[in-house]
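Structure first, then comments.
Below, read A as the first sequence line, B as the second, and so on, with proteins coming before strands; counting in each chain starts at 1.
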2 protein chains.
Amino acid sequence: MNISQVALRSGLPPKTIRYYEDIGLIAPDRGANGYRQFADEDVHKLTFLNRARALGFTIEDCRKLLALWEDQTRASSDVRALAREHLARIEMKIADLNDMRRTLADLVDACAGDDRPDCPILKRLDAPLDIRD
Amino acid sequence: MNISQVALRSGLPPKTIRYYEDIGLIAPDRGANGYRQFADEDVHKLTFLNRARALGFTIEDCRKLLALWEDQTRASSDVRALAREHLARIEMKIADLNDMRRTLADLVDACAGDDRPDCPILKRLDAPLDIRD
DNA sequence: ATAAGGGTTCCCCTTACTGGAAGGTCAAGG
DNA sequence: CCTTGACCTTCCAGTAAGGGGAACCCTTAT
């Protein structure tokens, strides 16, 4: 199977597949012409990677997940620990973004959005440093 | 004022301040010794930038916001439009992250997390491609 | 004189790819 | 046999927003 076929089946662009080989996530065979020759197992792995990435796991997480996936003697607690850490990171990101969202929404609401220069958004960014200063 | 003083006052690391000069957000004077000589206005701008960044605006957004900030004849609608677009991007990110969070939380809940290899998390990443296949 | 603690530039590193150039390969048609 | 077009290959550069560190200059105090 050539790379574009694998791209179709795994859902990953050819560029990404080459990149994943580069960083050692997969190791497809090569034909006499130098073309990558992918086995079904490669497609399987790439599909796995695509899904793990879609859940927001980093490449390094994916590397670990892949190793656990291939290790039939793994402990599910190891997988769970990875997922929990990742979940915690995501929850922190969401919290940060929610803070931004609230502030921004308030500011957008407070701004008249007309042709006058007065703007609470810019006021908020302008330096009220601190009263005590 | 030298750069470390400005770092303290603006809350930005010296590296970031140099970077912001590099990309043309600020243009401090130079002393005879080659040192950057910051005016209060520079500190003011940097503080503005720090806050805009803290609200998640990209550098390019910051560049536009800074221009509007300095333009006394601006229309607040221009500022508001920028903020609304940014708000929309943030809300999309939050939505994506919430999807991930839900899925991950379900998976973490479903995983026993013991020393057995059976794991719903890996199952979810494994390829159930499609039944019809 | 020298040591500490500023400052400066420069280049590489990060994440996870994406785009593009230059060139080899393959299958079909004239 | 030649060409054309669609593949494939490698390598180089760039993204966002800086961080780390080297090598070197400036200032001030001892």
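For the pair B:Phe38 CZ and C:dT8 C1', the computed distance is 12 Å after rounding to whole Å. In this structure, B:Asp29 atom CG and C:dG7 atom P are separated by 17 Å, rounded to whole Å.
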Give every pair of a protein N or O atom and an N or O atom of nucleotides 2-6 of chain C that lie under 3.5 Å apart, one pair per line with the distance.
residue, atom, partner, partner atom, Å
C:dG6, N2, B:Tyr35, OH, 2.9

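With sequence neighbours excluded, the residues that form a side-chain contact (heavy atoms from CB on, under 4.5 Å) with A:Lys64 are A:Asp61, A:Leu82. Residues passing the side-chain hydrogen bond (donor to acceptor under 3.5 Å, both in side chains) test with B:Asp96: none are found, sequence neighbours excluded. Scored by the side-chain contact (heavy atoms from CB on, under 4.5 Å) test, A:Glu91 finds A:Leu87, B:Arg101 as partners (sequence neighbours excluded). With sequence neighbours excluded, the residues that form a ring pair (Phe, Tyr, Trp, His ring centres under 6.0 Å) with A:Phe57 are A:His86.
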Report the C-alpha distance between B:Ser77 and A:Asp115 in whole Å, list the side-chain angles of each, state the deciding distance to 0.1 Å, and finish with yes or no for side-chain hydrogen bond (donor to acceptor under 3.5 Å, both in side chains).
-> CA-CA 6 Å; B:Ser77 60; A:Asp115 52 1; over 6 Å; no
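Under a cut-off of 6.0 angstrom, the local environment of CD in A:Glu41 is sparse, with at most 12 non-hydrogen atoms contributed by other residues, nucleotides or ligands. Atom CZ of A:Arg53 sits in a crowded spot, with more than 12 heavy atoms from other residues, nucleotides or ligands closer than 6.0 Å. In the displayed structure, B:Arg89 atom CZ is contacted under 6.0 Å by more than 12 heavy atoms of other residues, nucleotides or ligands.
Residue pairs meeting the side-chain hydrogen bond (donor to acceptor under 3.5 Å, both in side chains) criterion with at least one partner in residues 29-38 of chain A, sequence neighbours excluded, are A:Glu21-A:Arg30, A:Glu21-A:Arg36. Sequence neighbours left out, not one pair with a member in residues 99-123 of chain B passes ring pair (Phe, Tyr, Trp, His ring centres under 6.0 Å).
Between chain B and DNA chain D, the heavy-atom contact criterion of under 4.0 Å yields a 5' to 3' nucleotide range of D:dA17 to D:dT27.
A donor-acceptor contact under 3.5 angstrom links the side chains of B:Thr73 and B:Asp71, judged on distance only.
Contact annotation: A:Asn33 side-chain N/O to C:dG24 OP1/OP2 distance is not under 4.0 Å. Applying the 4.0 Å criterion to OP1 and OP2 of C:dA16, one finds that A:Arg63 has every side-chain N and O outside that range.
The two residues A:Trp69 and B:Asp126 come nearest to each other via the heavy atoms NE1-OD2, 3.2 Å. A pairwise comparison of heavy atoms in B:Ile23 and B:Arg63 identifies O-NH1, 2.9 Å as the closest pair.
Contacts of A:Pro13 with the nucleic acid, taken as non-hydrogen atoms under 4.0 Å apart, involve only primed sugar atoms and P, OP1 or OP2.
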Table please: side-chain donor-acceptor pairs of residues 10-20 of chain A below 3.5 Å, with sequence neighbours left out.
residue, atom, partner, partner atom, Å
A:Ser10, OG, A:Val6, O, 2.8
A:Ser10, OG, A:Leu12, N, 3.2

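Residues from residues 87-97 of chain B that place a heavy atom under 4.0 Å from any atom of DNA chain D: there are none. Contacts between residues 15-28 of chain A and DNA chain D, counted as heavy-atom distances below 4.0 Å, involve A:Lys15, A:Arg18.
A salt bridge between A:Arg116 and A:Asp118 is absent, with no side-chain N of the basic residue lying under 4.0 Å from a carboxylate O of the acidic one.
Bending across the helix from C:dA1-D:dT30 to C:dG30-D:dC1, expressed as the angle between its end axes from five pairs apiece, amounts to 40° (10° rounding).
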